[in-house]
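Data block below; observations after.
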2 protein chains.
Amino acid sequence: MMEDILLKKGLKQTKSRLLILDILDKADKPLTAEEIYRLIQNEEDSINLSTVYRTLEVFLNKNIVQIPLMKDGNKASYILNRDEHHHYLVCDKCHKMIKIDFCPFAEFEKQIEQLTSFTILKHKLELFGICPNCQGKTK
Amino acid sequence: MMEDILLKKGLKQTKSRLLILDILDKADKPLTAEEIYRLIQNEEDSINLSTVYRTLEVFLNKNIVQIPLMKDGNKASYILNRDEHHHYLVCDKCHKMIKIDFCPFAEFEKQIEQLTSFTILKHKLELFGICPNCQGKTK
DNA sequence: ATGCAAATGCAAATCATTTGCATCTAAAAA
DNA sequence: TTTTTAGATGCAAATGATTTGCATTTGCAT
Ligand SMILES: [Mn+2]
Ligand SMILES: [Mn+2]
Ligand SMILES: [Zn+2]
Ligand SMILES: [Zn+2]
């Protein structure tokens with residue numbers, strides 16, 4: 001289960017880390033540090049915003065979380081790394097976010113590796129458009 | 001040529017805008033606002049850093065420039081929109097950047113449009129890996 | 001139970017980017 | 001060409017996300 005991941009990664013099992021893991025586990029979309037912070041407060045618990053940032057930094061380095069996209073262009077948002085491969089499609093108008101869980105890149109990457117002699121480790125892909133709800137609205 | 005783009009987009013032809021267009025036109029990689037600012041100084045010219053930001057904002061809205069996903073730390077970087085479709089492959093170690101100018105997304109997008117009912121307007125894709133030069137180095 | 005390295009809270013610092021406002025300028029109007 | 005004016009710029013101060021220094025607390029190995 002979720003909590004074991006800390007042990008497996010050699011991290012101390014602290015209240016903050018468990019809370020953040022829990023929030024991210026329940027989340028159905030990428031969350032910013034601030035959003036995580038607020039959600040924890042809603043659950044009548046409280047940890048410092050700095051701690052949220054520091055924890056996410058540690059989780060990133062241990063590959064427990066990932067930053068799939070930059071929200072609003074300037075806030076990082078985080079998701080739990082579930083070793084699934086997917087991408088997000090974001091509505092330019094209302095910012096609604098849809099998870100796309102298939103990706104045609106396996107072969108594409110091989111082509112590029114041969115072409116460039118790079119070893120490809122990962123890719124980031126974000127799709128932008130207008131959601132069905134916002135189509136036909138002026139802005 | 002480069003300068004006509006301002007007229008075509010209904011923008012005043014100012015010194016700042018021409019300088020920034022020129023810098024971006026010559027650039028062989030995405031540039032941050034600060035880098036653009038410094039390069040203009042090197043050319044014995046000078047405009048205010050705020051103006052660089054404001055100009056890039058205008059250019060973004062007019063689709064004259066684009067921001068690739070990759071951030072230089074936490075700074076946005078900009079490229080001229082040449083209506084070519086390409087992506088970057090970046091070395092995780094030395095940050096060397098290679099332009100990849102083919103992309104298999106046309107059909108993929110159609111699939112996703114049908115699946116989600118979104119209208120897809122664009123996508124951002126970046127690839128990360130290790131360049132031939134950095135392969136075999138410890139870190 | 002004890003000790004210590006690592007984690008946390010809090011406040012202040014950073015740093016990229018934005019903004020208010022007075023002044024200037026490109027280009028439309030006369 | 002001169003006048004007019006909406007929009008562009010410079011400068012300094014504000015913003016806002018993220019980071020950091022430091023005193024205190026806590027997880028966990030012994
Ligand atoms: Mn993919
Ligand atoms: Mn593409
Ligand atoms: Zn929408
Ligand atoms: Zn390299």
Legend entry - Close residues, residues 31-45 of chain A, relative to DNA chain D [heavy-atom separation under 4.0 Å]: none
Inset, instruction - With rounding to the nearest 0.5 Å, note down the distance linking OG in B/Ser117 to CD1 in A/Ile130. - result: 13.5 Å
Inset, instruction - Could you let me know what D/dT30 is paired to, Watson-Crick or G-U wobble, both distances under 3.5 Å, or none if it's on its own? - result: C/dA1
Legend entry - Under-4.0 Å salt bridge between A/Asp25 and A/Arg82: yes
Inset, instruction - Give a yes or no answer on whether the side chain of B/Gln41 reaches the backbone of B/Arg38 with a donor-acceptor pair at less than 3.5 Å. - result: no
Inset, instruction - Could you tell me whether a side-chain N or O of B/Arg17 sits under 3.5 Å from a main-chain N or O of B/Lys12, the two making a donor and an acceptor? - result: yes
Inset, instruction - Round to the nearest Å and state the distance from B/Leu19 atom CG to D/dG10 atom P. - result: 10 Å
Legend entry - Heavy-atom side-chain contact between B/Lys124 and B/Glu126 under 4.5 Å: no
Inset, instruction - Test for a donor-acceptor pair under 3.5 Å between the base of C/dT19 and the side chain of B/Ser50, counting only N and O atoms. - result: yes
Legend entry - Rounded interatomic separation in angstrom, taking OH from B/Tyr53 and P from C/dC15: 13 Å
Legend entry - B/Lys9 NZ - C/dA27 P separation (whole Å): 17 Å
Legend entry - For B/Gln114, all residues meeting side chain to side chain contact (heavy atoms under 4.5 Å, CB included), sequence neighbours excluded: none
Legend entry - Complement of C/dG9, any strand, by Watson-Crick or G-U distances under 3.5 angstrom: D/dC22
Legend entry - Intermediate values then yes/no, side-chain hydrogen bond (donor to acceptor under 3.5 Å, both in side chains), A/Glu57 and A/Tyr53: CA-CA 6 Å; A/Glu57 177 70 20; A/Tyr53 277 108; over 6 Å; no
Inset, instruction - Measure from CG on A/Leu49 to P on D/dT20 and round the result to the nearest Å. - result: 15 Å
Legend entry - Spacing between A/Lys75 atom NZ and C/dA16 atom C1', to the nearest angstrom: 15 Å
Legend entry - Test item: A/Asp22 and A/Glu43 side chains (from C-beta on) under 4.5 Å apart, heavy atoms: yes
Legend entry - Interatomic distance where CD belongs to B/Glu57 and P belongs to C/dA16 [whole Å]: 18 Å
Legend entry - Per-nucleotide protein contact string for nucleotides 1-8 of chain C, where B marks a base within reach and S marks sugar-phosphate only (heavy atoms under 4.0 Å, - for neither): ----BBSB
Inset, instruction - Verify the distance criterion only: is there a donor paired with an acceptor across the side chains of B/Glu109 and B/His123 at less than 3.5 Å? - result: yes
Inset, instruction - Quickly work out the B/Leu18 CG to D/dT9 C1' distance and round it to whole Å. - result: 14 Å
Legend entry - Atom-pair distance (CG on B/Leu56; C1' on C/dT17), nearest Å: 11 Å
